[in-house]
4 protein chains.
Amino acid sequence: MTSRKNEKYEAILEGALQVFAEHGFHRSQVSKIARAAGVADGTIYLYFKRKEDILIELFRSKLGELIEKFTSGIENVTDAREALRRVCTIHYSELEANVALAYVTQIELRQSDLELRKEIGEAVKPYIKLIEDLLLKGIEQNVFRADLDVKLTRLLLFGAMDEVVTSWLISGRKYSLSAQVDSTLKFFLQGIGN
Amino acid sequence: MTSRKNEKYEAILEGALQVFAEHGFHRSQVSKIARAAGVADGTIYLYFKRKEDILIELFRSKLGELIEKFTSGIENVTDAREALRRVCTIHYSELEANVALAYVTQIELRQSDLELRKEIGEAVKPYIKLIEDLLLKGIEQNVFRADLDVKLTRLLLFGAMDEVVTSWLISGRKYSLSAQVDSTLKFFLQGIGN
Amino acid sequence: MTSRKNEKYEAILEGALQVFAEHGFHRSQVSKIARAAGVADGTIYLYFKRKEDILIELFRSKLGELIEKFTSGIENVTDAREALRRVCTIHYSELEANVALAYVTQIELRQSDLELRKEIGEAVKPYIKLIEDLLLKGIEQNVFRADLDVKLTRLLLFGAMDEVVTSWLISGRKYSLSAQVDSTLKFFLQGIGN
Amino acid sequence: MTSRKNEKYEAILEGALQVFAEHGFHRSQVSKIARAAGVADGTIYLYFKRKEDILIELFRSKLGELIEKFTSGIENVTDAREALRRVCTIHYSELEANVALAYVTQIELRQSDLELRKEIGEAVKPYIKLIEDLLLKGIEQNVFRADLDVKLTRLLLFGAMDEVVTSWLISGRKYSLSAQVDSTLKFFLQGIGN
DNA sequence: TATGAATGAGCATTCATTCAT
DNA sequence: CATGAATGAATGCTCATTCAT
């Protein structure tokens with residue numbers, strides 16, 4: 001029973017991911033998503049109240065998966081600098097390995113209403129907290145500057161990585177994204193280091 | 001005659017800026033823009049072929065003005081580090097002083113189609129070149145690392161500043177944006193410095 | 001077995017009566033009726049072919065009960081004028097006592113298609129015949145005019161009572177409906193009397 | 001200018017009258033009305049905010065015309081009984097002569113939401129007042145009973161005529177409606193007379 | 001019999017764009 | 001050049017009905 005329910009639910013999310021990535025949210029008709037998911041139009045409304053909710057749930061679930069990877073990727077890492085390396089590596093390699101997800105997070109996420117973005121923003125909070133905790137830990141470990149504005153620095157780090165990913169996507173993915181980790185990190189570690 | 005043509009043209013661009021900033025691109029009907037500009041709906045199509053073209057032209061013109069400010073702001077500055085400070089200062093203070101423009105560049109720009117974004121990307125190229133030139137100059141001056149990947153670094157710098165501005169906007173502009181210049185620059189200069 | 005069948009059948013009719021009365025026919029989804037009846041959506045289609053059939057059957061059954069009351073209410077009454085008084089009294093008091101039924105007959109009955117109304121009209125025929133018989137009897141008894149057009153008069157009497165009930169409903173039932181019997185009857189008896 | 005605006009407006013109302021009469025309100029798609037009116041779908045929304053408003057305006061305008069006929073039909077009639085004859089004559093003959101209007105008032109009017117009916121009810125008020133004034137005048141003239149409940153009597157008269165018209169329509173208009181005036185009036189005048 | 005998940009046809013409304021004046 | 005009335009394509013969502021279990 002539950003597995004069946006999950007089957008359709010997951011199929012719709014997966015179909016939506018593909019369709020959103022290919023056409024963008026505003027050009028993704030519900031019927032197109034339904035076809036991609038192999039269900040009827042009406043079925044979508046058994047699982048989602050509005051079309052927008054598909055996008056929101058998609059982010060919640062996909063970002064949730066990503067955040068788990070970040071969390072488990074650094075959980076036994078004691079050195080804050082090494083932890084930051086892991087975060088950047090995961091950030092680049094996961095999006096490089098999952099282009100549809102990359103398109104949706106980098107392009108579609110930004111195409112949504114301000115109101116919608118706020119809702120989605122909630123889903124990103126754990127990632128934000130993870131980075132801020134990492135920064136605080138580094139300051140305690142005396143490997144990051146004590147005068148760091150943690151919130152501002154989190155924005156600088158996230159924004160920098162985000163732009164690298166978006167640019168890679170828009171350029172048509174003509175080069176390796178994960179190959180940018182070393183240079184990115186050198187910039188980061190020098191920038192925030194003691 | 002030409003001045004008259006320009007009058008309407010400029011009125012439409014200015015009206016569009018206000019309407020886009022208040023309602024977002026997708027909620028900005030052509031008739032709303034026309035009313036804000038004080039012209040008839042049909043008049044807009046004497047100056048712009050499609051609604052999207054208004055957005056494109058708006059960016060071209062507004063970014064053009066911004067880039068002039070960047071250019072003139074650093075033209076007599078010989079020290080690359082000081083030039084970078086000026087760039088960051090102008091970036092933050094100009095957008096802080098012109099909230100409508102900030103909304104449109106940070107929020108609406110992202111809400112457009114991938115295709116549209118590519119066109120708009122063209123308008124940003126001069127800013128990109130300006131930053132890259134600045135980086136090259138700093139490397140020559142031996143104040144920036146010689147091993148910098150100039151293109152990647154440009155993304156990191158731009159992305160970092162961009163995220164700071166967006167976050168400031170979404171937060172409701174509850175703090176001073178230009179007050180973030182010093183911390184941002186310390187991060188930048190350490191990150192790219194020798 | 002038959003009793004069980006009847007249990008569900010009756011439950012659906014009763015649920016439909018409540019739902020129709022509260023929301024009107026067009027706003028009464030099958031699933032809402034099913035919930036009110038305590039059965040599954042699909043179960044309804046074991047007893048009724050189409051949603052409209054519920055309404056038809058509802059009228060047949062409820063009007064059947066009403067007509068029984070009319071019939072038994074006048075069966076031992078010899079005076080045609082007294083019989084008419086009984087009919088009017090039952091008409092007003094029964095609908096006053098059963099507001100849900102009143103709503104459905106006065107409001108929802110009229111909201112249905114012409115085709116549907118014809119079918120429902122069949123269910124009213126016994127009432128019609130009862131009034132016509134009563135009129136004929138009164139003519140024989142020389143208490144009603146001999147020149148009465150029986151069919152037209154039946155419409156006049158029924159229409160007059162019907163409007164009084166509808167108006168009482170729409171006004172929000174702020175006064176007593178059965179208190180209108182005397183005035184109504186004086187009008188009727190003078191109108192058709194010798 | 002005004003004449004042109006009115007042209008389309010009137011065309012839509014007339015188209016709606018025909019379509020409503022033929023298919024009923026709920027089966028009358030906006031596109032069908034547009035086609036009947038010879039305009040594009042979107043044009044309807046330049047003149048009416050919602051589909052329901054077409055129905056409301058239709059009643060307002062058509063009932064307004066009817067009421068004018070009632071008013072002018074009795075304005076120089078001093079005898080209240082003669083005035084009542086005129087009212088009944090106009091009621092039957094106008095609806096007989098305008099079948100589409102009859103369908104819409106007798107059938108579609110009843111098919112609308114309770115909320116909508118209340119709005120439409122406003123448009124009938126002048127007719128109601130006209131009948132009540134007529135009754136009061138008759139009482140003064142001593143040709144109608146002094147003990148008449150004016151409001152109730154108005155319902156009885158209107159309901160009676162209304163049912164005669166509806167029945168005539170549902171029966172397929174197989175007989176003359178205006179031929180029922182004499183019998184109807186004899187019933188009325190006896191019923192309310194001294 | 002009974003269920004309720006799944007279906008998919010059907011429709012009001014918006015709005016970018018055109019064109020007669 | 002300027003107008004703004006008219007156009008009509010495009011789409012999210014509802015809900016009566018079916019059918020596998």
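Computation of the quantities below employed the complete heavy-atom set of this structure, encompassing side-chain atoms and omitting hydrogens, waters and symmetry-equivalent molecules. Nothing here was measured: the structure is a model prediction, and the numbers come from that model. Chain letters run A, B, ... following the sequence lines, proteins first, then strands; residues in each count from 1.
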For a 4.5 angstrom cut-off between non-hydrogen side-chain atoms, does D:Ile33 reach D:Asp41? no
Atom [atom1] of [X] to atom [atom2] of [N]: distance rounded to whole Å?
X       : N      : atom1 : atom2 : result
A:Tyr9  : E:dA6  : OH    : C1'   : 18 Å
D:His23 : E:dG10 : NE2   : C1'   : 15 Å
B:Leu55 : E:dA16 : CG    : C1'   : 15 Å
C:Lys8  : E:dG4  : NZ    : C1'   : 13 Å
B:Arg35 : E:dC15 : CZ    : P     : 12 Å
A:Lys32 : F:dG12 : NZ    : C1'   : 14 Å
A:Asp53 : F:dG12 : CG    : C1'   : 13 Å
C:Leu46 : E:dG4  : CG    : P     : 13 Å

For D:Gln18, give me all partners under side-chain hydrogen bond (donor to acceptor under 3.5 Å, both in side chains), at least two apart in sequence or on another chain. D:Glu14
Taking both distances under 3.5 Å as the test for a Watson-Crick or G-U pair, what stems of at least three pairs does DNA chain F have? E:2-21 with F:2-21
Enumerate the side chain to side chain donor-acceptor pair (under 3.5 Å) contacts for residues 30-39 of chain D, please, sequence neighbours excluded, ordered by first and then second residue. D:Gln29-D:Lys32
Roughly how many Å apart are F:dT21 and E:dT1, using the P atom of each and rounding to a whole number? 22 Å
With a 3.5 Å distance limit and no angle check, can you tell me whether B:Lys8 reaches the backbone of B:Tyr47 through a side-chain donor-acceptor pair? no
What nitrogen or oxygen pairs link the protein and nucleotides 13-17 of chain F at under 3.5 Å?
from	atom 1	to	atom 2	distance (Å)
F:dC13	OP2	A:Tyr45	OH	2.7
F:dC13	OP2	A:Lys51	N	3.0
F:dC15	OP1	C:Gln29	NE2	3.4
F:dC15	OP2	C:Gln29	NE2	3.2
F:dA16	OP1	C:Lys51	NZ	3.2
F:dA16	OP2	C:Val30	N	2.8
F:dT17	OP2	C:Tyr45	OH	2.8
F:dT17	OP2	C:Lys51	N	3.0

What's the verdict on side chain to side chain contact (heavy atoms under 4.5 Å, CB included) for D:Glu57 and D:Leu13, showing C-alpha distance, side-chain angles and the deciding distance? CA-CA 8 Å; D:Glu57 286 306 311; D:Leu13 279 189; 4.2 Å; yes
Comparing nearest nucleotides in DNA chain E, the 5'-proximal residue of the pair A:Gly38, C:Val39 is C:Val39
Sorted by chain and residue number, the salt bridge (Lys or Arg N to Asp or Glu O under 4.0 Å) partners of C:Glu52 (sequence neighbours excluded) come out as C:Arg50
Partners of A:Glu122 by salt bridge (Lys or Arg N to Asp or Glu O under 4.0 Å), sequence neighbours excluded? A:Lys125
Does CD in C:Glu65 sit with more than 12 non-hydrogen atoms of other residues, nucleotides or ligands closer than 6.0 Å? yes
Could you please spell out the steps behind the ring-ring contact (aromatic ring centres under 6.0 Å, His included) verdict for D:Tyr9 and D:Phe48? CA-CA 9 Å; D:Tyr9 179 84; D:Phe48 301 90; 5.3 Å; yes
